[in-house]
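Reading through the C-alpha cells given below for one structure.
When reading the values below, keep in mind they use all heavy atoms of this one structure, side chains included, and skip hydrogens, waters and symmetry mates. No experiment lies behind these values; they were computed from the predicted model shown.
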Amino acid sequence: MKTILFLTLLSASSFIAKAQKVDSIYFNLYTDSLKKGVHNYINVDGKMSNGKWAPLTSKDLIFTTTVGKFEGNDVIIPQQFSGEYLEITATLKSNSAITRSIHIWMKKLPDPDKLPTAEEIMNRRPQQDSTKTKSRTKSKN
C-alpha cells in the first residue's frame, strides 16, 4: 500500500513539474519609459508549457542591462546617464537558450514639482479637439 501511494505521489509531482516548464518569456512593461535614479520595475512573464502565463522574478531570470544595475526585477539607472534608451536582456536561469531583449526609452520630460489634486482635475474644462472643430466647420459649408 505504501509503495502504491509513493508511486502515485511521485508520478503526480512529475506531472506538475512538467506543467510548470517555461516555454518562452516576454516583457510586459508597466510604463513606456524609464526614469533615472529610481527603481524601475521590469515585468517579465513566462508562457508555460500548459499554455498558462506566470510572472517571473529574479529568482527565475538573469537580468543584464547596458547601463545601471539590477536589484531583483528593478533596474536603477544612474542620474548622469545621457543616452536615449537602454537595452535589457532577461535570460531564464533554468534554460539559458530562452532569452529576450528589449530597448526601453528614457523619460525626457522632468516630473512636475506638484501634481494636481483630484479636485483640480475634476474642475478642469475639457479642451476642444481642433480636428473635430475643423471637420464640423467643413461639413456645414
Response to the item:
Value for NE2 (His39) from CD (Glu71), rounded to nearest 0.5 Å, stands at 4.5 Å
Worksheet entry | Which residues share a side chain to side chain donor-acceptor pair (under 3.5 Å) with Asp23, sequence neighbours left out | none
Worksheet, complete the sentence: Under a side-chain separation threshold of 4.5 Å, the hydrophobic residues clustered together with Leu115 are none
Side-chain donor-acceptor pairs under 3.5 Å in residues 79-92, sequence neighbours left out?
unit_1: Thr89; atom_1: OG1; unit_2: Ser101; atom_2: OG; d: 2.7
unit_1: Thr91; atom_1: OG1; unit_2: Thr99; atom_2: OG1; d: 3.0

Worksheet item: Is the shortest heavy-atom distance from the side chain of Leu29 to the side chain of Ile104 under 4.5 Å?
Response: yes
Discussion item. Rounded at 0.5 Å granularity, tell me how far CZ in Phe63 sits from CG in Asn73.
Written reply: 4.0 Å
Worksheet item: Does NZ belonging to Lys93 count more than 12 external heavy atoms closer than 6.0 Å?
Response: yes
Discussion item. If hydrophobic clusters are built from ILVMFWY residues whose side chains come within less than 4.5 Å, do Ile76 and Ile42 share one?
Written reply: no
Practice prompt. Decide side chain to side chain contact (heavy atoms under 4.5 Å, CB included) for Tyr30 and Asn43; before the verdict, give the C-alpha distance in whole Å, the side-chain angles of both, and the deciding distance to 0.1 Å.
Written response: CA-CA 7 Å; Tyr30 296 124; Asn43 188 36; 3.5 Å; yes
Fill in: All pairs passing side chain to side chain donor-acceptor pair (under 3.5 Å) where residues 54-65 contributes a residue, at least two apart
none
Practice prompt. Check the hydrophobic clustering (I, L, V, M, F, W, Y; side-chain heavy atoms under 4.5 Å; chains of links allowed) and say if Ile25 and Met48 are grouped together.
Written response: yes
Worksheet item: Between Asn50 and Lys52, what is the shortest heavy-atom contact and its length?
Response: OD1-N, 3.0 Å
Worksheet entry | Results of side chain to side chain donor-acceptor pair (under 3.5 Å) for Lys35 - residues two or more places apart only | Asp111
Fill in: Linked, directly or transitively: Met106 and Val38 (ILVMFWY side chains, under 4.5 Å)
no
Worksheet item: Given side chains that start at C-beta, do those of Pro78 and Lys69 come closer than 4.5 Å, heavy atoms only?
Response: no
Worksheet item: Is Phe27 reachable from Trp105 through a run of hydrophobic residues whose side-chain heavy atoms are each under 4.5 Å from the next?
Response: no
Practice prompt. For Lys47, look at atom NZ and say whether over 12 heavy atoms of other residues, nucleotides or ligands are found less than 6.0 Å away.
Written response: no
Worksheet, complete the sentence: By ring pair (Phe, Tyr, Trp, His ring centres under 6.0 Å), Tyr26 pairs with (sequence neighbours left out) Trp53
Worksheet item: Are Glu120 and Lys114 close enough for a salt bridge, meaning some N to O gap below 4.0 Å?
Response: yes
Worksheet item: Shared ILVMFWY cluster between Leu61 and Phe70, side chains joined below 4.5 angstrom?
Response: yes
Discussion item. Could you measure the distance from the CG atom of Asn95 to the OG atom of Ser24? Nearest 0.5 Å is fine.
Written reply: 11.0 Å
